**Q** 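Structure in structure tokens, see below.
The structure displayed is predicted, hence computed values, not measured ones. Naming convention: chains lettered A, B, ... in sequence-line order (proteins, then strands); numbering from 1 in each chain.
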There are 2 protein chains.
Amino acid sequence: MNRTAVARARTDESTVREKLHAAAAQLFARKGYAAASVQEIVARAGVTKPVLYYHYGNKEGIYRAVLAAALDDFEARVGAVEMLAGSARTRLHRLFGEVFDLFHRHLDVVRLMHSIYYGPPQGAPAFDFDRAVFRLHDTVLKIVRQGQKAGEFQGDAQAMTLALLGACNECIDLELVHPKMAVDAAGFGRVLDVVLRGMRKKVRQ
Amino acid sequence: MNRTAVARARTDESTVREKLHAAAAQLFARKGYAAASVQEIVARAGVTKPVLYYHYGNKEGIYRAVLAAALDDFEARVGAVEMLAGSARTRLHRLFGEVFDLFHRHLDVVRLMHSIYYGPPQGAPAFDFDRAVFRLHDTVLKIVRQGQKAGEFQGDAQAMTLALLGACNECIDLELVHPKMAVDAAGFGRVLDVVLRGMRKKVRQ
DNA sequence: GTCTATACATGGATAGAC
DNA sequence: GTCTATCCATGTATAGAC
């Protein structure tokens with residue numbers, strides 16, 4: 001039984017790094033980069049300032065660590081759904097269902113990323129979100145094109161991709177701003193279906 | 001010729017209030033509320049701090065003035081398009097065309113509002129964006145329902161409204177983040193058409 | 001690795017002269 | 001109405017002891 005295992009076994013104690021990471025994630029998400037102070041982060045983690053600077057170098061360091069961890073998680077999810085079988089329509093439903101669900105369970109982090117990505121740089125260090133965003137975009141576009149080749153869809157692939165992503169973003173945004181009025185997974189499915197209906201190829205009846 | 005007219009006639013001089021307003025609008029939009037300092041605002045306006053506090057009370061005062069002016073402008077536009085004639089499809093195209101165009105010409109302000117509305121409260125005073133957002137949402141929903149009654153559309157009115165708004169937001173967001181890849185008005189029209197196609201009622205052929 | 005104490009900068013806001 | 005000078009709180013970051 002080494003030292004790490006001993007530390008892990010204690011009461012509810014995780015390592016200091018983990019506590020700092022968790023505290024920073026919550027505060028950055030709830031207050032934004034500028035408004036979340038180092039003082040508050042260390043207070044919530046139950047340590048003092050030098051501990052944070054020892055482990056993460058500076059405020060920017062722990063900020064990057066938090067964002068990177070969240071994005072890695074997101075990419076792993078998308079990657080997992082990417083290689084499923086089935087019709088293009090089914091796979092798009094699965095993909096967006098997964099994304100909707102993931103965002104739904106991490107609204108705070110989504111809110112933070114959203115404001116950093118789309119909003120003015122609020123004194124926050126630049127961070128590369130594009131990799132993850134492009135990943136999702138390209139995955140959707142790929143499935144749409146496969147659907148075209150298979151004769152499922154017709155129309156402008158880029159326009160269809162944007163319409164699909166827009167439907168997803170709109171439902172997430174609604175949840176961010178008016179949780180009471182937000183749609184659930186079924187409601188999101190109906191919004192998605194409006195778009196999918198506009199994509200499908202007409203068949204002689 | 002009164003005193004105001006004389007002041008207006010001078011070189012490029014507008015009133016001090018107007019210069020402060022313009023400087024604040026730019027800086028809030030480019031840096032966010034917290035990161036835009038009073039010092040920078042007054043420097044850009046070519047005056048000193050007490051002037052700002054004399055005219056607007058405090059930082060929050062000029063911030064509210066900037067946002068209120070922008071929202072009033074937006075609501076006036078939506079109101080103007082609201083009472084047009086034509087098919088539901090045509091009116092939706094006109095409405096979103098107007099909104100897309102307006103946002104396009106004020107990207108900085110849109111960016112600011114976006115981050116305040118969807119993002120974490122970055123130390124910024126609370127501000128009521130809901131009035132304007134609901135206004136657009138309700139206008140779209142109303143036209144959609146009229147389209148249903150007229151036999152133009154079929155389906156879930158709420159889902160269709162969200163799909164339309166999502167298409168619009170997606171194109172604006174794209175412009176905010178990747179101007180190079182952004183779609184123009186025609187491209188936006190195509191995205192809108194994907195959704196509208198999914199809304200329309202099938203006719204026997 | 002973690003603490004106390006502190007240096008140092010910035011930012012919001014005001015007093016008081018003009 | 002506008003200026004100069006200044007107050008004071010907060011925030012990032014570090015020195016140095018343990």
**Q** Given D:dT12, C:dA13, C:dG12, identify the nucleotide with an atom nearest to the side chain of B:V38.
**A** C:dG12
**Q** Going by the salt bridge (charged side-chain N to carboxylate O under 4.0 Å, His left out) test, which pairs reach into residues 116-125 of chain B, not counting sequence neighbours?
**A** none
**Q** Would you mind classifying the nucleic acid contact of B:A34 as base, sugar-phosphate or nothing, using non-hydrogen atoms under 4.0 angstrom?
**A** nothing
**Q** Please give me every residue in residues 21-28 of chain A whose heavy atoms get under 4.0 Å of an atom in DNA chain D, ordered by residue number.
**A** none
**Q** Taking atom P of D:dA13 as reference, at what distance in whole Å does atom CG of A:N58 sit?
**A** 5 Å
**Q** The criterion is ring-ring contact (aromatic ring centres under 6.0 Å, His included); which residues satisfy it with A:Y63, sequence neighbours excluded?
**A** A:F28, A:Y33
**Q** Under the ring-ring contact (aromatic ring centres under 6.0 Å, His included) test, which residues partner A:F100, sequence neighbours left out?
**A** A:H104, A:F188
**Q** Going by the rule salt bridge (Lys or Arg N to Asp or Glu O under 4.0 Å), which residues pair with A:R197 if we only count those two or more places apart in sequence or in a different chain?
**A** none
**Q** Find the distance B:E40:CD to C:dG11:P and express it as a whole number of Å.
**A** 8 Å
**Q** Rounded to the nearest Å, what distance is computed from the OH atom of residue A:Y33 to the C1' atom of nucleotide D:dT12?
**A** 9 Å
**Q** Are B:D193 and B:R200 within salt-bridge range, i.e. N to O under 4.0 Å?
**A** no
**Q** Tell me, please, which residues at least two apart from B:S115 pass side-chain contact (heavy atoms from CB on, under 4.5 Å).
**A** A:S115, A:P120, B:Q122
**Q** Please work out which residues in residues 48-57 of chain B have a non-hydrogen atom less than 4.0 Å from an atom of DNA chain D and list them by number.
**A** B:T48, B:P50, B:V51, B:Y54, B:H55
**Q** Can you tell me if CZ on B:R64 sees more than 12 non-hydrogen neighbours from other groups inside 6.0 Å?
**A** yes
**Q** Please report, rounded to the nearest Å, how far the C1' atom of C:dG11 is from the CD atom of B:E60.
**A** 16 Å
**Q** By ring-ring contact (aromatic ring centres under 6.0 Å, His included), which residues pair with A:Y118, not counting sequence neighbours?
**A** A:H114, B:H114
**Q** Sequence neighbours left out, what passes side-chain contact (heavy atoms from CB on, under 4.5 Å) with A:N58? Give chain and number order.
**A** A:Y53, A:E60
**Q** DNA chain D: B:V47 or A:Q39, which has the more 5' nearest nucleotide?
**A** B:V47
**Q** Using salt bridge (Lys or Arg N to Asp or Glu O under 4.0 Å) as the criterion, list what pairs up with A:D138, not counting sequence neighbours.
**A** none
**Q** Nearest whole Å is fine: how far is D:dT14 C1' from A:K59 NZ?
**A** 17 Å
**Q** Going by heavy atoms closer than 4.0 Å, what residues in residues 120-127 of chain A are next to DNA chain C?
**A** none
**Q** Go through the structure and list residues passing salt bridge (Lys or Arg N to Asp or Glu O under 4.0 Å) with A:E82, not counting sequence neighbours.
**A** A:R135, A:K142
